[in-house]
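Heads up, the thing below is written out as structure tokens.
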Amino acid sequence: MTSDSWPLTSITMTSNSMTVRVRFAPSPTGYLHIGAARSALFNWLFAHQMGGKFLLRIEDTDLQRSTDESTRSIIEGLEWLGLVYDEDIVFQSDNAEKHRSAARKLVAEGKAYRDFTPKEQREDKSVKQGIVDRARAHAAEGIDHRSNQYRDLAGEESERRAAAGEPFAIRLKVAREGVSRFADIVYGDQERAFSEIEDLVLLRSDGHPLYNLSVVLDDIEMGITHVIRGQDHLTNTHKQILLYQAFGKEVPQFAHLPLILAPNKAKLSKRKHGEVVSLTTYRDRGFVPAAFRNFLALLGWTPPPGGKEILTVAELVQQFSLDQIHRAPAIFNFQESDPRHWTDDKALWMNAEYIRTMPLAELLPMVKTELRAEKLWREEYDEDESAWIETAVDLIRQRFFTLKDFSSQGRAYFSEDFDFDDAAVRKNILKEPKLNELLPLLADRLETVEPFSAAQAEAALRAFTDEAGVKAGLLINASRTMLTGQAVGPSMFEVFEIIGRERSAMRLRSQRPWHEFS
RNA sequence: GGCGCAUUGGUGUAGUUGGUUAACACGCUGCCCUCUCAAGGCAGAGAUCACGGGUUCGAGUCCCGUAUGCGCUACCA
């Protein structure tokens, strides 16, 4: 793909002198949500494509809800996805004092004012309901929601009351007439009448700076050129632009990302949907980071027409483009009740695709970590048996979906302590009583095979079944279950070779199905 | 309540200046391969492009309305 056939947006390329600086700014109030992870990815991709910087800012101004543990999980999550941030992490709470003085400066300049209205008691209902009720009441009584008796209070009077210790909040003075406009890179031209915008609170009466003030100030200080974030911030962007203007600063470019919703098009929430929305779940349930990153990239963004969907990071960086992001929310498809579809099918498919096609050398360390965690890793695998483990992993990875499968379905390759699948035993073993005698005989025969290769094992088994007058398939399938506990798996002769002569013979003679299932 | 955004097969999407049988991926069905299950190959089902109007010779694509969903509207972030 040449740059001619795939031009970058004019908006993002207008000034080459300006280095792109973007940030990911999560609030540390829980684990890293996949929607947030996707925002981080898009910011990172954009930064890398433009040769810019990707920064991390922790928005920990809500002291009650922010936790260090959450901050750690965010950092770990980014690391797992390979999204390395440039420069030091900015903690928003460190800047609170600067935010306060900036708000006071706005008051001094007459761009903001002190609001002495006593803080409203929060009623015992949902925030949303409170907003609706207030709006309805105002409409019914003909009250302009923007009327505030302190907006035009004389300066001296305001000073005097403040000096007297009367508590006040600071609100931005939003122009009465006019319209706010900006061009969102994804959502296009945005317009909002000032009459729709209430004078927003900048500083709470306890001196705590509020979100809209803090983001703007921090983004200015960090030199952010492009704000790439969730669509839930789209409408509030007008307020933030007002603040950039009040501070006399250049307004950055905005690109809002479509939200990620649950299958019923409801908001994807940790409370309702649990662990599927947490990034760490994917790590803990055996996802390959590159696979999940690839999947995440496809939530709300499409590669250029005709392109493939399985993309390396380098390809992602090269092909990524903010104007290929679409506006409709992405639906994250999963069925909580069905373990086979616990997360999006396509994510699962993509992970399987990565597991079976990625370079073995990259996969092995992940498999090692998994086997270690399940106490299935033996030190020999690092030394004398390194060739063996490579062959074994390469053989079994062909039909695995997650790294977990190496320790569950793949357990029999690494340990004698494996379970028999009930259905497999019934179908492949118990159905045919003769097997009770035939399997040990097959073991005897296999012990004579030299060398113990797949081809030799096949020749021996087929000769044996011919002599015994049974179908080869009968003993092949029975062997599979005897050796692996399962009804499915790789070509059986490869399995013989990998399991080896001794272990194969031993398992064929084990009689375990008759002991455990009779 | 107000304002905003969205709406293409089960899911993710393409279709960017309106122009032949609406394209791709996942999933699903069947066949081939075969020692099983996958993978792979081949074939197929599945969309009156949310609904209703309008503009036009012609609309998924433009305009208006309706519905639904979501977001924002807070001394939350």
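Letters A, B, ... mirror the listed sequences (proteins, then strands); counts begin at 1.
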Throw together a table of side-chain donor-acceptor distances under 3.5 angstrom for residues 483-497 of chain A, partners on residues two or more places apart or in other chains.
from     : atom 1 : to       : atom 2 : distance (Å)
A:Thr484 : OG1    : A:Arg480 : O      : 2.6
A:Thr484 : OG1    : A:Gln486 : N      : 3.2
A:Gln486 : NE2    : A:Gln409 : O      : 3.0
A:Glu497 : OE1    : A:Ala454 : N      : 2.7

Would you tabulate the side-chain donor-acceptor contacts of residues 418-427 of chain A under 3.5 Å, counting partners in other chains and residues two or more places apart, or write 'none'?
from     : atom 1 : to       : atom 2 : distance (Å)
A:Asp421 : OD2    : A:Ala423 : N      : 3.4
A:Asp421 : OD2    : A:Ala424 : N      : 3.0
A:Asp422 : OD2    : A:Arg426 : NH1    : 2.3
A:Asp422 : OD2    : A:Arg426 : NH2    : 3.4

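Atom CZ in A:Phe401 sits roughly 14 Å away from atom P in B:rC37 (whole-Å rounding). Rounded to whole Å, atom P of B:rG12 lies 18 Å from atom CZ of A:Arg327.
Counting non-hydrogen atoms under 4.0 angstrom, A:Glu309 reaches a base of the nucleic acid. Among the atoms of the strands shown, base atoms are found under 4.0 Å from some heavy atom of A:His233. A:Phe493 comes within 4.0 angstrom of a nucleotide base, judged by non-hydrogen atoms across all strands. Contacts of A:Arg136 with the nucleic acid, taken as non-hydrogen atoms under 4.0 Å apart, involve only primed sugar atoms and P, OP1 or OP2. If you check every strand for non-hydrogen atoms under 4.0 Å, A:Glu198 touches sugar and phosphate atoms only.
A residue-by-residue look at A:Ser491 and A:Trp301 shows that A:Trp301 has its nearest nucleotide of RNA chain B further toward the 5' end.
With sequence neighbours excluded, the residues satisfying salt bridge (Lys or Arg N to Asp or Glu O under 4.0 Å) with A:Arg171 are A:Asp115. Take A:Asp68 and apply the side chain to side chain donor-acceptor pair (under 3.5 Å) test, not counting sequence neighbours, and it matches no residue.
Residue A:Thr61 places at least one side-chain N or O closer than 4.0 Å to OP1 or OP2 of B:rA77. Residue A:Arg204 places at least one side-chain N or O under 4.0 Å from the OP1 or OP2 atom of B:rC76.
Counting only residues at least two apart or on different chains, the salt bridge (charged side-chain N to carboxylate O under 4.0 Å, His left out) pairs with a member in residues 203-212 of chain A are A:Arg204-A:Asp206.
At least one cation-pi condition fails for A:Arg161 and A:Phe168: the charged atom is not both under 6.0 angstrom from the six-membered ring centre and inside a 45 degree cone around its axis.
Paired runs in RNA chain B that reach 3 or more consecutive Watson-Crick or G-U pairs, where each pair keeps both distances under 3.5 Å, cover B:1-7 with B:67-73, B:10-13 with B:23-26, B:28-32 with B:40-44, B:50-54 with B:62-66.
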